Amino acid sequence: METTGPHILTVNTGSSSIKFSVYDMDERSLLKGEIAGIGRQEGSVRVFFSDGSICVDENTRIESFRKGAVVVTRCLEETGYVGSIEAVGYRIVHGGMKYREHCQLTEELLEYLRDIAHLAPEHLPQAVEVIEEVERGLPSIPGVACFDTAFHRDMPEESRIYAIPLEFYREGIMRYGFHGLSYEYITDALCACGVPLDRVIIAHLGHGSSMTAIRDGRCVETTMGFTPLAGLVMSTRCGDIDPGVVLYLLREKGFSADRLNLLLNHGSGLLGISGRTDDIRKLLALEKRGDERAILSLRLFCHSVRKFIGSLSAVLGGLSTLVFTAGIGENSPEIRERILDGLEFLGIRLDTERNRANQKVISDKQSRVMVMVIKTDEERMIARHTKRILNGEGR
Ligand code: ADP
């Protein structure tokens, strides 16, 4: 089978998965796939065509990211897309101090990513492995690197700098911010429907959660920091905690760096508090049965989002639009309602019916703040940048 292009392949490497999509030049998605559970006992490969029909659906062990990338190119061969791919766009979690904008992939950039792997040890080494393998499978096809940190590159210094001696900032210890591709997609979507970007907060609430504040189209503050561990209470990450807690665990409890990493990145947040699960749907079900730890975990989560809506509104000097996005933000009316409860003083008035129906605008007509639910699409954003950069177009 042969499929005529030109097409763009997008590759999004996570901490245990690779998501990939094929787009045409009008941003229509033709094929979507996910290789999940990489390195685990039980992995899976699921690939769908744009009409929803299944292309591959199997449970299989995928030992490494390199093997996962081989599955991606094999899948392109089997579906006939391999010859039509003109460019590959990669999601890269971190561009360090040097790569602040999305750009064409070069050997020099790959080398830099290998050098800064310690900045995102759970993402960058895997992403580099996947790039190497996809480049082997699709030789001489140009690549574009899309950085999750790029959206936040122009944050003012008071938002970027940690109040530790300034030398650390100069060597790159600063707030970078993440989820940038999602924020870019949402701001493009707001522009497309004529919503002004004067004072906007976007709440990306998924497995990883963060929020960002946009004034006059520019990102001015965000909740994640040097790493994606900071800010909101998340599924398994702790979010903001007093660094004194880390010192205490190191000194008094004999924690090693690896054990601390496991605790703060994988054993905290909703999972750590509930002791049962990090999935909001399951936590809501447990709450109905009176599970106290589940109740507490949901209270902590909503409180943390509410607190940051307040502080980001203060940074913006007011709020005109609040957007919920990602798994929890898009799909959970209960959680949105709880977060917004008590924020009437900011001018937020929820329309309960519209909220329950997951409508695009969920505030009522009297609300001074427009509250919206918009589905994010990071892969589409990668395809958009890839086309733009390879065509030599500006932003
Ligand atoms: P990721 O950050 O891995 O891309 P997602 O944005 O897909 O994650 O969000 C995953 C989370 O979304 C899940 O952990 C789950 O808690 C939540 N979620 C998904 N669907 C629903 C739903 N219908 N109701 C409540 N929560 C949901």
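Whatever order the structure lists ligands and atoms in, that order sets their numbers, starting from 1. Source: prediction; values computed, not measured.
In this structure, ligand 1 sits under 4.0 Å from heavy atoms belonging to Gly206, His207, Gly208, Asp279, Ile280, Arg281, Ala326, Gly327, Ile328, Asn331, Ser332.
Using a 3.5 Å distance cut-off with no hydrogens or angles, the side chains of His204 and Glu378 do not pair a donor with an acceptor. Remark: the Ser182 side chain and the Thr376 side chain contain an N/O donor-acceptor pair separated by less than 3.5 Å.
In summary, the aromatic rings of Tyr112 and Tyr99 are positioned with their centroids under 6.0 Å apart. Ring to ring, Phe178 and His94 are close: their centroids are under 6.0 angstrom apart.
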Sequence neighbours left out, cut at 3.5 Å: what donor-acceptor pairs do the side chains of residues 219-229 make with other protein atoms?
residue	atom	partner	partner atom	Å
Glu221	OE2	Ser159	OG	3.4
Thr222	OG1	Met211	O	3.0
Thr222	OG1	Thr212	OG1	3.2
Thr223	OG1	Met211	N	3.0
Thr227	OG1	Leu229	N	3.2

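At least one side-chain heavy atom of Leu9 sits less than 4.5 Å from a side-chain heavy atom of Val22.
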